[in-house]
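Structure first, then comments.
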Amino acid sequence: MGEEGTLGYGELLARADLLADRLRTVLARGERDQIVGIVLPAGAEAVVAVLAVLRAGAAYLPLDPGHPPARLAALLGEASAAAVIVAPGLEPTIGDYDGPILRSDSASAETASTEVSSAETALTEISSAETSSSRTGSSSAGSGTSFAGSGGPQEVGPDDLAYVIYTSGSTGAPKGVMVTHGTLDRLTRSFADLHGFGPGQRLLMLPPLTFDASVGDLFPALTTGAAVVPHPEPARLDGAELVRFCREHGVTAVDTAASLWRRWVGDLAATDVPDDWPVRIMMIGGEEARAEDVRAWQRITAGRCDLYNHYGPTEATVCATVHRLGGGDDLGALWRVPIGTPLPHVTARVLDRHGGLAPVGVVGELHLGGDCLARGYLGRQDLTADRFVPDPYGPAGSRLYRTGDLARMRRDGSLEFCGRRDRQVKIRGHRVEPAEVEAAIAAHPGIADAAVIAKDDRLIAYLTLTPSTTPTSLTSATTPITPATAATPSTPGGVLEGLRRRLRGRLPGHLLPSQFIVVPAIPRTPHGKVDQAALPPPARRTGEHVPPVGAVETALAQVWARALRVPEVGRTDNFFELGGHSLLAASVVAQTRRVLGVEVPLRALLESADLSDLAALIEGHRVTEDDPDLAAEAALPADLVTLAQTREILATPATSPSAVLVTGATGFLGAHLVAQLAVRTEADILCLVRASDEREAAARVLDNLRSHGLEADPARIVGVPGDLAQERYGMTPDAFAALARRTGVICHNGGRVNFAESYARLRPVNVAGTLEAMRLAALGGARLHLVSTLGVFLGDAHRGRPVTELDPPDDPEGLGSGYDQSKWVADRLAREGRTAGLRVSVHRPARVSGDSRTGRGNAGDYFSRLLATCAALGVVPDLPFEEDLAPVDYVAAGIAHLALTSDADGEHHYFNGATISYAGIARAMGADLVPWGRWRSAVLEGGERLPLAPFAATLPEQTPRFERPLFDCGRTEKLLSAAGITCPPADTALLDRYLGHLGAGRE
């Protein structure tokens, strides 16, 4: 089914046989493994061509007609293609290929319709044994199969080639993966059985033929009598179009990339899908799937749609493992969806670096074997031997494919994906080897060296220029290429323009970098690898901004700015250079339709030189950092997973450890935590502090204690010089290991607190510092107590809902500040570390207020400044929510007690449920309660004299509204109450003590 109408099985076979007959006239009769290129857009003609090639006894090589002609000609030449099938008018797309060219002529449909016989059943003669065996239950793979056709039969066997698909190459050149009829047979049967394909089902096939995922759609559907429904422009499918298209065409199953599905989840979050939406199966793959997205999908579809998470490299014939989630399945504490269990014809082994079987829960490299493996790489015996290795645990002669993916076996027998060993990345569902892009860049005569990295689902290229094109200004600074420098071919800008043109002519769109940055030198490690940590972050554009002209350009600029999350878009800006890609393009097209009321073809957007060019078609830069991918940031590093799981921690550390390590000891909560630990244990208290030596570190801690009216035995305060933002806290490996051996408990309280800074600025301390604390715990077996924050629950998922200690903060969507985002990532990493084998507890305070006994607080924090400002003005804002105040002595005592209690692992929350209203605050200080606008004006007029002056610019015009979660800390309160630790209410008496310390109490 498609734009051309509905094509029945009989006509499909007849048309395929006509084309197969034409093919046989140019193929060498009796020769095995002949390859025929197919250069056709998605649709019925492409399916006809695939079947024609197979029925002629050849193997098909799908190529994208949108790719550069030079690339297509090179691939056809490398594959020694015996012929090429192209659509009328697309002959120029195959460049200088000089072999036989056959046009796929839809006019032959008329002739074919007269030859339809009793073939109006499921296809039973597509490839070798896959069809007959899937229908009869017996395999004929041991004998050859004849394809019928008027030109005579051509017999093929299970070891003959069925298709070749090229993937990105780590050596700089794409690799042709050769798949045989036998493995295609097994995949077809497994997929048909797994998904229940059959007559009456309609499958929306979005992967192009050049994606091997199309194989998992085409053959299982057509061998069981199902209908295949292609979409004319898959990239423009937003959520609304998906719902409309599937309803209109009665689609029951959808196969798509996880990245596109994730976009649909976001698009449909506010609308859900109608009750009569026919889709009952959603198949995703190509990238990691997050549990929060699955939960959202279950809600959007009201539990009526099963989700299948597919995993498998091309070398393992489309799909090797599957994890099925029913519409009503409970995901529990999962935050990423497993890649599942092997299909019946697949063997999956997780091996350690020595080739041994990794125990359950231990990370190793995933190896795939069984009847799923490709023959190897076309013309690359060396690479085939390197990646397809003998299976030491299988029958003689069996092989395994080294995927390069890290995985671990879960206790339930399913596999969990844990990252990549090599540099391979996924860009919008495409498997990309950065080395291939680097090789293409380095081939330009003006480029001396190049490094390509993936960031936020796009490629960033770092370049060094040859001496003849390197101006003095580039010898000591990082410089983004801008239009202002694009003068001649010998200037940096000219080199860039030439490079872009060259790459567009040689690489497909997903391999084109979205930004080029010139650096004096590519930083490399002593082993010669690119030191990605030393590369500068993608620079902002510094070229001149040219404002849009006219109503259409202005409207387009606003649409682009919203979609791309940039502050402004000019008329000379290019969509892709601003960070756009095909998935965003679909959203932009939909928004343009809503704003301007015109239907903009997706290709028009993709091919427009700049915004003014697109505006002209309709009428006849600064790039900011994208929102961080918090789920990706929270992926536990492989080395830490391995360290945690291989470290043999047999004994629980003693209840009274010899030493307790505290980070953040020079802060407000840190001072109270040190003081509480000092009275609850005889252990030494090691305090990690930025200092030149141990003496200075200890002195800083003791000075901080005194500043808060606290004390501790100086003999037990041990200063440890270190920096949270540095690897191993800036220590040598030996010193770090010695600290690990000495430490029994780690209270990781340190961090950078700034609600105005971005995630990127806070990450080195708040995230990387937590990872180092986890490494320290893994090395020595210490119990790790992470001081997080209840702010990790302030996203959309938990707003206004009950939250207990047993509810994991798995959804970061809607976290408004970089600080809360960084704490969420650290929180997630710590819990992942516990899953990997570390003993981890997470403590989450809300607002930590002053000491309940003395009233002494942190004078520099927002709430203290708010109270002091209200007292100075004599007015309090009338806000529609109440404030929680958890006194620092209560929070510190709770953390210290639980940290020294060996059986108190888990999550602990510190929220004072006895809150106080702003009316209560006004009564406590004898001030007037006034509307927000009046109070805000008074603060702004007060200027620098008021304590709240540093925050004045952030005060919104509208009255703030804060719908926090409904925190239930019953479990923590019960544990602490048993130890005599209780939280005083946030009442007038407590507030009086705070105001008294601030000198703002009632007269």
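What you see below is based on every heavy atom in this structure, not just the backbone, and it leaves out hydrogens, waters and symmetry mates.
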(request) Check the pair Thr183 / Leu373 against side-chain contact (heavy atoms from CB on, under 4.5 Å), numbers first and verdict last. (result) CA-CA 7 Å; Thr183 53; Leu373 295 188; 5.6 Å; no
(request) Start with the C-alpha distance between Val294 and Trp261, add both sets of side-chain angles, then the distance that settles side-chain contact (heavy atoms from CB on, under 4.5 Å), and finish with yes or no. (result) CA-CA 10 Å; Val294 177; Trp261 167 76; 3.9 Å; yes
(message) For a side-chain contact (heavy atoms from CB on, under 4.5 Å) check, start with the C-alpha distance between Val350 and Glu365, then their side-chain angles and the critical distance, and finish with the verdict.
(response) CA-CA 6 Å; Val350 180; Glu365 183 179 359; over 6 Å; no
(message) Run the side-chain contact (heavy atoms from CB on, under 4.5 Å) test on Leu829 and Val767 for me, step by step, so that the C-alpha distance in whole Å, both residues' side-chain angles and the decisive distance to 0.1 Å come before the verdict.
(response) CA-CA 8 Å; Leu829 287 168; Val767 177; 3.7 Å; yes
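Classification of the Phe793-His798 ring pair by plane angle, with boundaries at 30° and 60°, yields perpendicular.
Remark: side-chain polar atoms of Asp267 are not paired, donor with acceptor, to backbone N or O of Ala240 under 3.5 angstrom. In this structure, the side chain of Ser190 does not engage the main chain of Leu187 through any donor-acceptor pair within 3.5 Å. Between the side chain of Glu633 and the backbone N or O of Ala826 there is no donor-acceptor pair closer than 3.5 Å. Put simply, the side chain of Asp306 gets close to the backbone of Gly327: a donor and an acceptor are under 3.5 Å apart. Counting only distance, with no hydrogens or angles, the side chain of Arg247 and the backbone of Pro278 share no donor-acceptor pair below 3.5 Å. The closest donor-acceptor contact from the side chain of Trp824 to the backbone of Pro809 lies under 3.5 Å. Thr188 places no side-chain N or O within 3.5 Å of a backbone atom of Phe219 that could act as its donor or acceptor partner. Side chain of Thr314 to backbone of Asp212: no donor-acceptor contact under 3.5 angstrom is found. Not one N or O on the side chain of Thr252 forms a donor-acceptor pair closer than 3.5 Å with the backbone of Arg280. Using a distance-only test at 3.5 Å, with no hydrogens or angles considered, a donor-acceptor pair links the side chain of Arg299 to the main chain of Ala269.
Looking at Asp827 and Arg844, their side chains come closer than 4.5 Å, going by heavy atoms from C-beta outward. Contact check for Asp329 versus Gln298: side-chain heavy atoms found under the 4.5 Å cut-off. The closest side-chain heavy-atom distance from Glu416 to Thr835 is not below 4.5 Å. Contact of the Thr347 side chain with the Pro342 side chain is not registered, since no non-hydrogen atoms from C-beta on lie closer than 4.5 Å. Using a 4.5 Å heavy-atom cutoff, the side chains of Asp238 and Arg263 are not in contact. Within the 4.5 Å cutoff, the side chain of Leu636 has heavy atoms near those of the Met774 side chain. Side-chain contact between Leu415 and Tyr311: absent, with no pair of heavy atoms (C-beta onward) separated by less than 4.5 Å. Between Leu268 and Val273, some side-chain heavy-atom pair lies under the 4.5 Å cut-off.
Across all non-hydrogen atoms, the minimal contact from Leu368 to Ala320 is CD1-CB, 3.6 Å. Heavy atoms only, all atoms of each residue included: Met283 and Ala253 are closest at CE-CB, 4.4 Å. Contact detail for Val228 and Pro230: the closest heavy-atom pair is O-CD, 3.5 Å. Minimum interatomic distance between Cys319 and Leu343 (heavy atoms only, all atoms of both residues): O-CD1, 3.4 Å. When all heavy atoms are compared, the tightest approach of Tyr819 to Ser822 is O-OG, 2.7 Å. When all heavy atoms of Pro62 and Thr210 are compared, the pair lying nearest together is O-CG2, 3.4 Å.
Around CZ of Arg801, the count of heavy atoms belonging to other residues, nucleotides or ligands within 6.0 Å does not exceed 12.
Exactly one of His785, Glu907, His908 qualifies for a side chain to side chain donor-acceptor pair (under 3.5 Å) with His843. That residue is His785. Of the residues Ile281, Val279, Leu242, the one that meets the side chain to side chain contact (heavy atoms under 4.5 Å, CB included) test with Val251 is Val279.
Annotation: the span from Phe197 atom CZ to Leu222 atom CG amounts to 10.5 Å, rounded to 0.5 Å. Between the CG atom in Leu203 and the CG atom in Asp217 there is a gap of 4.5 Å [rounded to 0.5 Å]. Note that CG of Leu406 and CG of Asp639 are 10.5 Å apart. Values are rounded to the nearest 0.5 Å. In this structure, CD in Glu805 is found 10.5 Å from CZ in Phe967, a value given to the nearest 0.5 Å. Atom CD of Glu241 and atom CH2 of Trp264 lie 10.5 Å apart (nearest 0.5 Å). Distance check, rounded to the nearest 0.5 Å: NZ of Lys823 to CG of Asn766 gives 5.5 Å.
Taking the ring centroids of His909 and Phe911, they lie at or beyond the 6.0 Å cut-off. Remark: aromatic rings of Phe191 and His310 are close, center separation under 6.0 Å.
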